[in-house]
Student: 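Here you go, one structure.
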Amino acid sequence: MTGQIAIIGAGPSGCFLAQALLKAQPDLRVDLIDRLPVPYGLVRYGVAADHQGTKGVTRQFARLFERQGARFFVNVSIGSDIGLEDLRGAYDAVVLAAGLSADRRLEIPGDDLPGVHGAGKLTRALYEHPEAEALPELGARPLIVGNGNVAIDLLRLLAKSPEELEGSDLGQGPTDWLAASGIEEITITGRSPAAAAKFDTVMIKELGKLADVSIRVIDAGESDDPDAQKKLAALDALEGGAGARRITFRFGLTPVAVEGSDRATAVRFATAQGEETLACTSVLTAIGFDTPGDLPRDALLREERDGGLAEGLYATGWFRRGPRGTIPDNRADARALAERILGALSPDPGKAGAGILAGLDEITDYDGWCRIDSAETANPPPGRCRAKITTREGMLGLARQEDTQ
């Protein structure tokens, strides 16, 4: 008897889990469900546009649908189109792999002033997510709060020249926005000392390849830890340059208030030496992510153990463990969770499975995504590998082979 498993979220954590399940038990019926008309979530709309090597993981994910038999049901919102409990009733197991897309707030005075932008909101606009807001005016001196890989991605893109974006999938609108940004100086701040910063050393080394920048690293400190020493050495190697765009790294700064009357104009920090205020023209926060609220994550995770939330209900990826870890980290999580799911699976032939989705009018499938993908990659602009369809309506029109502009 074939078990039926629904995975909510077709990003890397959901795809890795589907791979692991079907490798272990090829006759399973595994359905990936996503609220967007396109798959791959974080890879498409979160991985930096100039990191095409990382985005290449989608080639192995495509084999899920083309060779391993996974099915793809998209443009389906859990909660509004169909309830989570309805899905649980239709499948032998349901896995929440929806990720985290809402920016975590600073939760300090002034963090709601105009000019304060979450990194997630900004990168969704840069990478042309269909639900993104317009790209904002950052001014000449944006200040980044956070020192993880997301912060470094944002810093690198803001500091690049148009020529350095060759080969990426950055769209024409974002490309023009970057070229016209007028950015003169970017300050990036972190609470921790440099030795404990969350960024990967390889991300720092990549900054050393930027063409038209000058970089300062203030009070990086020292460490006896070998891994930390590699970070410090990479930062030290960045020092210097005579480029027009200035980058300044600061460490050990805890934000206590965003200052400004009708717009953010400075951030006040607590430091080991007392308070310090840094002037800026905008504030970009890269301090983590949270659920947008369409699934009751906090309530579901209260009893979570190794991915299990309740009978037949599981979680994986960032939805389960929070916004940490790289895309490959999801592979190891997926294998462990697949083993647990299969160990507890008790197929019920009376369950409807994907039949419960049959009445949804706006649903589309993997063939629809292939039509979108072909249109995006057929004739990209010079210097680009893809021209994304930027609206839900445009994507759905292509998915259904309707005429679109």
Student: Checking side chain to side chain contact (heavy atoms under 4.5 Å, CB included) for the pair Leu17/Val30: CA distance, chi angles, key distance, verdict?
Tutor: CA-CA 10 Å; Leu17 178 62; Val30 177; over 6 Å; no
Student: Are Phe16 and Asp333 side-chain neighbours, meaning at least one heavy-atom pair lies under 4.5 Å?
Tutor: no
Student: Has Arg104 got a side-chain atom pairing as donor or acceptor with Phe289's backbone, closer than 3.5 angstrom?
Tutor: yes
Student: Do you know which of Val74, Ile7, Ile363, Leu87 makes side chain to side chain contact (heavy atoms under 4.5 Å, CB included) with Ile33?
Tutor: Leu87
Student: Cation-pi between Lys231 and Phe199: NZ/CZ under 6.0 Å from ring centre and within 45° of the ring axis?
Tutor: yes
Student: For the side chain of Ser374 and the backbone of Arg371, is there at least one donor-acceptor N/O pair under 3.5 Å apart?
Tutor: no
Student: Show the nearest heavy-atom pair for residues Ile82 and Asp86, with the distance to one decimal.
Tutor: CG1-CB, 4.0 Å
Student: Step by step, would you call Gln229 with Glu222 a side-chain hydrogen bond (donor to acceptor under 3.5 Å, both in side chains)?
Tutor: CA-CA 7 Å; Gln229 287 176 346; Glu222 299 178 349; over 6 Å; no
Student: Does a side-chain heavy-atom distance below 4.5 Å link Phe249 with Leu235?
Tutor: yes
Student: Thinking salt bridges, do Glu85 and Arg88 make one under a 4.0 Å N-O criterion?
Tutor: yes
Student: When you check the gap from the basic side-chain N to the acidic O, do Lys160 and Asp212 get nearer than 4.0 Å?
Tutor: no
Student: Yes or no on side chain to side chain contact (heavy atoms under 4.5 Å, CB included) for Leu36 and Met395, after CA distance, side-chain angles and deciding distance?
Tutor: CA-CA 9 Å; Leu36 291 176; Met395 288 187 279; 5.7 Å; no
Student: Give every donor-acceptor pair under 3.5 Å between a side-chain atom in residues 110-121 and any protein atom, sequence neighbours left out.
Tutor:
unit_1	atom_1	unit_2	atom_2	d
Asp111	OD1	Arg105	NH2	2.5
Asp111	OD2	Arg105	NE	3.2
Asp111	OD2	Arg105	NH2	3.3
Asp111	OD2	Glu107	N	2.8

Student: Can you name the residues that form a salt bridge (Lys or Arg N to Asp or Glu O under 4.0 Å) with Asp153, not counting sequence neighbours?
Tutor: Arg156
Student: Any side-chain heavy atom of Leu143 sitting closer than 4.5 Å to one from Val145?
Tutor: yes
Student: Using a strict threshold of under 4.0 Å (side-chain N to carboxylate O), is an ion pair present between Lys55 and Asp169?
Tutor: yes
Student: For Lys230, does the NZ atom sit with more than 12 other heavy atoms under 6.0 Å from it, leaving out its own atoms?
Tutor: no
Student: Between Glu133 and Arg124 (salt bridge meaning N to carboxylate O under 4.0 Å), is one present in this structure?
Tutor: no
Student: Within a strict 4.5 Å, meaning less than it, do heavy atoms of the Leu64 and Cys15 side chains meet?
Tutor: yes
Student: For residues Tyr45 and Tyr127, establish whether the separation of their ring centroids is below 6.0 Å.
Tutor: no
Student: Could you go step by step and tell me if Gln172 and Thr175 meet the side-chain hydrogen bond (donor to acceptor under 3.5 Å, both in side chains) rule?
Tutor: CA-CA 5 Å; Gln172 191 60 53; Thr175 299; 5.3 Å; no
Student: Please test Glu166 against Arg384 for salt bridge (charged side-chain N to carboxylate O under 4.0 Å, His left out), starting from the C-alpha separation and ending with a verdict.
Tutor: CA-CA 6 Å; Glu166 291 278 323; Arg384 296 293 183 266; 5.0 Å; no
Student: For the residue pair Gln19 and Gln60, establish whether any side-chain heavy-atom pair is separated by less than 4.5 Å.
Tutor: yes
Student: Taking side chain to side chain contact (heavy atoms under 4.5 Å, CB included) as the definition, give me every residue that meets it alongside Ala62, ordered by chain and number, with sequence neighbours left out.
Tutor: Tyr40, Glu66, Tyr366
Student: Kindly indicate whether the side chain of Ile327, heavy atoms from C-beta on, has any atom under 4.5 Å from the side chain of Leu42.
Tutor: yes
Student: Got a list of side-chain donor-acceptor pairs under 3.5 Å for residues 182-189, not counting sequence neighbours?
Tutor:
unit_1	atom_1	unit_2	atom_2	d
Glu185	OE1	Arg246	NH2	3.4
Glu185	OE2	Thr248	OG1	3.4
Thr189	OG1	Ile144	O	3.1

Student: Give the minimum heavy-atom separation between Ala18 and Leu32, together with the two atoms involved.
Tutor: CB-CD1, 3.9 Å
Student: Evaluate side chain to side chain contact (heavy atoms under 4.5 Å, CB included) for Leu28 paired with Leu345, printing each intermediate quantity in order.
Tutor: CA-CA 11 Å; Leu28 280 175; Leu345 195 66; 3.8 Å; yes
Student: Any chance you could lay out the side chain to side chain contact (heavy atoms under 4.5 Å, CB included) test for Asp50 and Leu170, step after step, and finish with the verdict?
Tutor: CA-CA 8 Å; Asp50 58 346; Leu170 196 72; over 6 Å; no
Student: Quick one: are Pro174 and Leu126 in side-chain contact, heavy atoms under 4.5 Å?
Tutor: yes
Student: For Pro130, is there any backbone N or O sitting under 3.5 Å from a side-chain donor or acceptor partner on Thr391?
Tutor: no
Student: Is there side-chain contact between Ile389 and Glu376, with heavy atoms separated by less than 4.5 Å?
Tutor: yes
Student: Yes or no on side-chain hydrogen bond (donor to acceptor under 3.5 Å, both in side chains) for Arg392 and Asn75, after CA distance, side-chain angles and deciding distance?
Tutor: CA-CA 9 Å; Arg392 186 182 291 267; Asn75 199 42; 2.5 Å; yes
Student: Counting only N and O atoms by type, is there a donor-acceptor contact under 3.5 Å from the side chain of Gln52 to the main-chain atoms of Ala49?
Tutor: yes
Student: Which residues pass the salt bridge (Lys or Arg N to Asp or Glu O under 4.0 Å) test with Glu362, sequence neighbours left out?
Tutor: Arg400
Student: Suppose the criterion is salt bridge (charged side-chain N to carboxylate O under 4.0 Å, His left out): which pairs have a residue in residues 261-278, not counting sequence neighbours?
Tutor: Arg250-Glu276, Glu259-Arg268, Arg268-Glu275
